[in-house]
Amino acid sequence: MKFAIVALADGMVTQLVDADTIENVMLNCPEGHEPHPCMGVEVRPGEWWWNGSSLTAVVKPASTIAEVEASLIAEIKRKADGLKMAIGTALPSKSAEYPAKAAEVASWDAALGGGLVGTVAQTLTAISAWPAARRVATFPYALADAKAFGDTIDKAIARFRVGMTTSSTVPEIAAREAAACAAVRVAKTIAAKKAAAVAVNWPA
């Protein structure tokens, strides 16, 4: 026979015991609890309680609109954080690296198209004529990247552009996160709030 082990403090069922004698039941009944026979009902710990005369299911109040809103916003934020972490740009080292590389791309574009010279080859020649300190100050990542790959800084800049496409996903995620949270907040009903939460079009 099954017995529900009930906490004396609040009457909640904390566990079920299958035993044939009251002695075995008491062996599994911790201090501050008492056993009650289930009498054929499907009692579930945490969902049933002893009301003073019988075991009964706890009637959970319906979630309020504020509780639903808070839960949906928390889930949106968890999803956004997971996407950010998945592309690795939430790490402090990356958050500093991406802007620096973007600045080098801008410096290259300025040199190439800003009137310095006209072609990639000419730009490379002109930059190579700069004092070493200026080259290192302007293109520290590109010079290191080109050295590692055994090519030139224009190739490094091209690789940085690909990385910038990935890093720009983080602001997009943040923007859509903010928009989704705002949409959930302004929705007037629980159904509308849930619809706003699932309508988020996260970046791929």
Side-chain angles (χ1 to χ4, degrees), residues 65-204:
I65 192 168
E67 291 170 339
V68 171
E69 178 181 299
S71 176
L72 291 171
I73 288 175
E75 182 57 34
I76 289 169
K77 291 182 177 296
R78 281 193 294 271
K79 174 67 174 179
D81 288 344
L83 291 172
K84 292 171 189 175
M85 289 299 294
I87 60 176
T89 53
L91 297 174
S93 61
K94 291 294 184 182
S95 65
E97 179 182 331
Y98 281 122
K101 288 183 176 180
E104 292 186 31
V105 171
S107 295
W108 171 265
D109 289 344
L112 181 63
L116 179 61
V117 286
T119 68
V120 170
Q122 290 171 330
T123 302
L124 289 172
T125 299
I127 291 173
S128 67
W130 290 358
R134 180 184 176 187
R135 289 198 305 274
V136 171
T138 308
F139 297 108
Y141 281 100
L143 288 169
D145 190 87
K147 182 177 180 180
F149 280 86
D151 50 27
T152 51
I153 63 171
D154 60 306
K155 302 295 192 305
I157 293 297
R159 287 188 286 271
F160 293 173
R161 290 189 199 279
V162 175
M164 287 168 61
T165 300
T166 301
S167 66
S168 68
T169 303
V170 174
E172 290 176 16
I173 292 170
R176 296 183 196 189
E177 172 189 354
C181 289
V184 169
R185 290 188 181 100
V186 300
K188 300 302 184 185
T189 66
I190 287 178
K193 289 180 183 294
K194 289 181 177 180
V198 300
V200 187
N201 183 22
W202 297 108

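Under the 4.0 Å criterion applied to side-chain N and carboxylate O atoms, R78 and E75 are assigned as salt-bridge partners.
Annotation for A80 and E177: closest pair CB-OE1, 3.3 Å, computed over non-hydrogen atoms. Of all heavy-atom pairs between A156 and A142, the closest is CB-O, 3.5 Å. Closest of all the heavy-atom pairs between R176 and W202 is NH1-C, 3.6 Å.
Aromatic ring pairs are classed by plane angle as parallel below 30°, tilted from 30° to 60° and perpendicular above 60°; the pair W108 and F139 is perpendicular.
Contact of the V184 side chain with the I76 side chain is registered, since non-hydrogen atoms from C-beta on lie closer than 4.5 Å. Considering only heavy atoms from C-beta on, E104 comes within 4.5 Å of F160 through its side chain. The shortest side-chain heavy-atom distance between L83 and E172 does not fall under the 4.5 Å cut-off.
Residue pairs meeting the salt bridge (Lys or Arg N to Asp or Glu O under 4.0 Å) criterion with at least one partner in residues 179-200, sequence neighbours excluded, are E69-K193.
Distance check, rounded to the nearest 0.5 Å: NZ of K79 to CG of D81 gives 11.5 Å. Atoms OG1 and CD1, on T138 and I153 in that order, are 9.0 Å from each other to the nearest 0.5 Å.
A donor-acceptor contact shorter than 3.5 Å is absent between the side chain of S71 and the backbone of E67.
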